[in-house]
Amino acid sequence: MLHETAIIAVAFAYLGILFAIAYYADERADAGRSVIASPYIYSLSLAVYATAWTFYGSVGRAASDGVGFLPIYIGPTLMIALWWVVMRKILRISKQNRITSLADFIASRYGKSALLGGLVTVIAVIGILPYISLQLKAVSNSFTILVQYPAIVMPGNAATLLIRQDTALWVALILAAFTIVFGTRHLDAAEHHQGMVAAIAFESLVKLLAFLAVGVFVTFGIYDGFGDLFGRVAAAPKLRAMLAPLEGAAGGYANWAWLTILSMMAIMFLPRQFQVAVIENLDEKHLNKAIWLFPLYMLAINVFVLPIAFGGLLRFPDGSVDADTFVLTLPMAEKHELLALLVFIGGLSAATGMVIVETIALSTMVCNDLVMPVLLRIRRLRLNERRDLTGLLLGIRRGAIVLILLLGYLYFKLAGEAYALVSIGLISFAAVAQFAPAMFGGIFWKGGTRTGALCGLLAGFAVWLYTLLLPALARSGWLPIGIVDDGPFGIELLRPLQLFGLTGLDEISHAMIWSMIANVGAYVIASLSVSPGADEHRQASLFVDVFRHSGEARGARFWRGTASVPDLYNLLARFLGTAAADAAFGQYANAKGLKWPDGQLVADAELVHYVEVQLAGAIGASSARIMVAAVVKEEALTLDEVREILDEASQVVAYSHRLEQKSRELETTSAELRAANERLTELDRLKDDFISTVTHELRTPLTSIRALSEILHDDPELDRRQRVKFLGIIIKESERLTRLINQVLDLAKIESGNAEWHSSELDLRELIEEAAAAVGPVIAEHRIALALRLPDRVPAITADRDRLMQVMLNLLSNAVKFCDREAGRITIALTRQPDALRIDVVDNGPGIRREDQELIFQKFRQVGDTLTEKPHGTGLGLPISRQIVQHFGGRLWVESGSGSGATFSFTMPLGSRTTGSVISAGDVNAAGVAP
Amino acid sequence: MTKTVLVADDEPNIVVSLEYLLERDGYSVKVARNGEEALAHIAQFHPDLILLDVMLPLRNGFEVCQKIRQTPEWQGIRIIMLTAKGRETEVSKGLALGADAYITKPFSTKELMAEVRRLLGDSG
């Protein structure tokens, strides 16, 4: 019965059933009545974890390591317990950000980095190749064995088969075609493949049933139950050691530990696991049931592993039959054809399940995260302008599927024979474990940056290549074995399997230690050394704080730019088709209470974000970003805005600390500058004050002149008396104005050093007498008594006569103004001092208060500012006088007591310029040289 | 009824011109030479409008203006501020303190009187 054709027919029939299930499920999904929206289906789909490796390889491992096959299943069970925290977060993040694959998740988290997405894809593809080749090997081997029934013959070296008889190649091609039909019939925005999930769930049942059937058969059919079986094993001396749980050696504990950890990573990061657990998940609540259903499945499928292994060892004690094949060869040996066929189908089921999901997941990553970003950046292709890209996307995916399977086959040919199935699988586990630091760091640590993820992934992958892939290739003869045995170029420390002298571990543990050290180390160090960009900050917050944020609307705030609704619609239609685009826009409009396509939608940040998210579902986040950016004119966010939005206290504090420090440094170095600046500002202010006061002083007389002039002009009938009065005022104010202007100019000239000084020899006595004469009329008018107290002789001095006269007149006119009203007395005294001549002008007025004594020398300041009487004069006389006196090296000051008059004094130094000739009345002696 | 205008300025010649202009247009004029006197006159005569110089001795024009606006019963008094300082900050300050108009010296007599009439609601 078990002819080649019969087996092939049954195999195809089974595949046909699978296809039918998938088709039916897809149809129901399109009609909106999904068959797979059940936690049981979800949990069963997770069981795609158990592949042909489980089916055949576990028994093989158990046969050599006893209970040592278990860690690979303990790991996932443990991990599921943690899922409540980890997986829920990943699910929430993925739903919110419309993540379409593992690479998309990582790329999205680290600032929508296309580079990172591409790297993850490459690592995933290379890493999974051994795993795929394992499935091919299992199927082709099991076929080869079964075909030779009733003889039990192990398959020979695969490399010697001719192409036509190369079963593995056929299997690869058929599976490729099958997968293409399964997974690439059309594009779904969310990358849901409901048909595939339904088929997988069915497969999980089939392989479980098959395995259980064999298990029951071996345990209760061939032998008499567990007790009997184990009893016999204990009785066989060679096999007794198998019952010991651990190897006993120190390496045993470490190996167990690493295998457990490794499989914990695998259940999360194998692309197919991520696909079914995260991407295909329809409802977060399914997780609750899965947390206990999946371990139950694991238990069920492992219960009979040891019994089958022991049964096989007992049945084929000479080692001529590969332990990997016991599951199949035991029924064959017992002539149970149907069971053997069922086992074959079970193994086929396990293998196809893995291959389909894995290649679909990988092809999605290759399309969205590797090829599309590159194509979009090549401007020559001008993909932005192509109307419909769905055909291109599907084409890329199909090509990727074929390529991946062929590569898997290639690996099988090159390196597959060197290892048992389990070891091959573990190499893949170790590869996907490299995603762990970037993933866990990504969802729990906001400090993880893109640079960190890149460095970590590259470092870990490099170590993986060196410590696992390289030896595998060397052992198959494709690289000189010397590299493995003696190290590259003979450097023993760099031996791939005992790196830096770490011995005593099996290959996997060894590789894991080094790759994790490199990966985590590079990730943490690089993350801490390089500051992330604004994009990364935003994504980090979105991911790590996903439970804190209220939903998708949050993302809309991180955008600023201009867009138009038709542009956005066309963009979406190009990738998803007009139907899907219409549906998406309709949904959005409904949520806002509007109708589509009535044109009421506003192209605001929210809509752009919505479109981007929809698009990401089809082509991945980084590509979607590029397309949207091309359509809208985006403006860069400033760092201030990002900070504002994120309200990340510690970040803000860190920044402000740095700023504080900077400003403190600047303060200390620029203290002198500030002081100098202050001085300048003060001077400037004084200048401003002066100018504004001058302006005011000039405008005041002008006001009267103008107003009165206008009045005179407008009213020719003005009364004569009024007219005369007004004209008088105009004249007086004009004079006042002129005086003021003159004095201001004068002062300005003196102060700026532009004044002209005409120095000549002069006699102060003479000067004083002249001044007294000049004010004579005024003195007489006010009935003031003027007294002159001059010595007979004084030395001549050299000075500007007019200027000194100006000073005298100023002092005298002040004295006249302020001396007593009734009995005014003014005295002018000239005295000789050792090196100067001193003049005093004394009046008997009210005196000047102490606080005003310096004030009066300031420009425009006059005593009596706050009195009700508006003082006469300009307020510039004294300042000018002082300037003049100082110009000649003298001093001008006042002495006064309140109520007892004031004495203004100034000195004129007797300089070396004085001739020394003494001029006196009647004295002809020419003596007295100046000291 | 004749409206009363208070002129608060310490420059006698300016007062002369303002007095003439106002009386010519039929207003009753009171004069104050400093801030304190201005407030006293307001309390006593309750003018309808005050021409208020900024640079007044004792209490400057801004203070007087503020005081008027803070006193409820004087809310109806119109205030025109006058100054020879024409800086924008001064103008804004004055208007912010509640002045109704702000005129810089030297002023046009026509404009000044037009403003007075406008604020007092008289036409012509």
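Residue numbering restarts at 1 for every chain, and letters A, B, ... go by the order of the sequence lines.
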Check your understanding: Does A:R825 CZ have over 12 foreign heavy atoms under 6.0 Å away?
Key -> no
Exercise for review: Please determine, among A:D715, A:T703, A:I730, A:I729, the option with the most heavy-atom pairs under 4.5 Å with chain B.
Suggested key: A:T703
Review point. Do the non-hydrogen side-chain atoms of A:E710 and B:L21 ever get within less than 4.5 Å of each other?
Key: no
Practice item. Counting only heavy atoms closer than 4.5 Å, note whether B:F107 contacts chain A via side chain, backbone, both or neither. Key: both
Exercise for review: Decide if atom NZ of B:K67 counts as having more than 12 heavy atoms of other residues, nucleotides or ligands within a radius under 6.0 Å.
Suggested key: no
Point to revise | Heavy-atom contact with chain B under 4.5 Å, split by part of A:L718 | key: side chain
Point to revise | Heavy-atom pair of closest approach, residues A:R706 and B:P106 | key: NH1-O, 3.6 Å
Point to revise | Carboxylate-amine/guanidinium contact A:K725 B:E19, below 4.0 Å | key: no
Check your understanding: What's the shortest heavy-atom distance between B:I14 and A:S704, and which atoms?
Key -> CG1-OG, 3.3 Å
Check your understanding: Which one, A:T695, A:I711, A:L698, leads in non-hydrogen pairs under 4.5 Å with chain B?
Key -> A:I711
Check your understanding: If you measure from CD on B:E11 to CD on A:E733, what distance do you get to the nearest 0.5 Å?
Key -> 6.0 Å
**Study point:** Gap separating the OG1 atom of A:T700 from the NZ atom of B:K105, nearest 0.5 angstrom
**Key:** 5.5 Å
Review point. In terms of heavy-atom contacts, does CD of B:E111 have more than 12 from other residues, nucleotides or ligands at under 6.0 Å?
Key: no
Review point. Any chance CD of A:E756 has more than 12 other-residue heavy atoms, nucleotides or ligands included, within less than 6.0 Å?
Key: no
Review point. Looking only at heavy atoms, what is the nearest atom pair of A:L708 and B:S17, with distance?
Key: CD2-CB, 3.7 Å
Point to revise | Between CG on residue A:D714 and CZ on residue B:R24, distance to nearest 0.5 Å | key: 6.0 Å
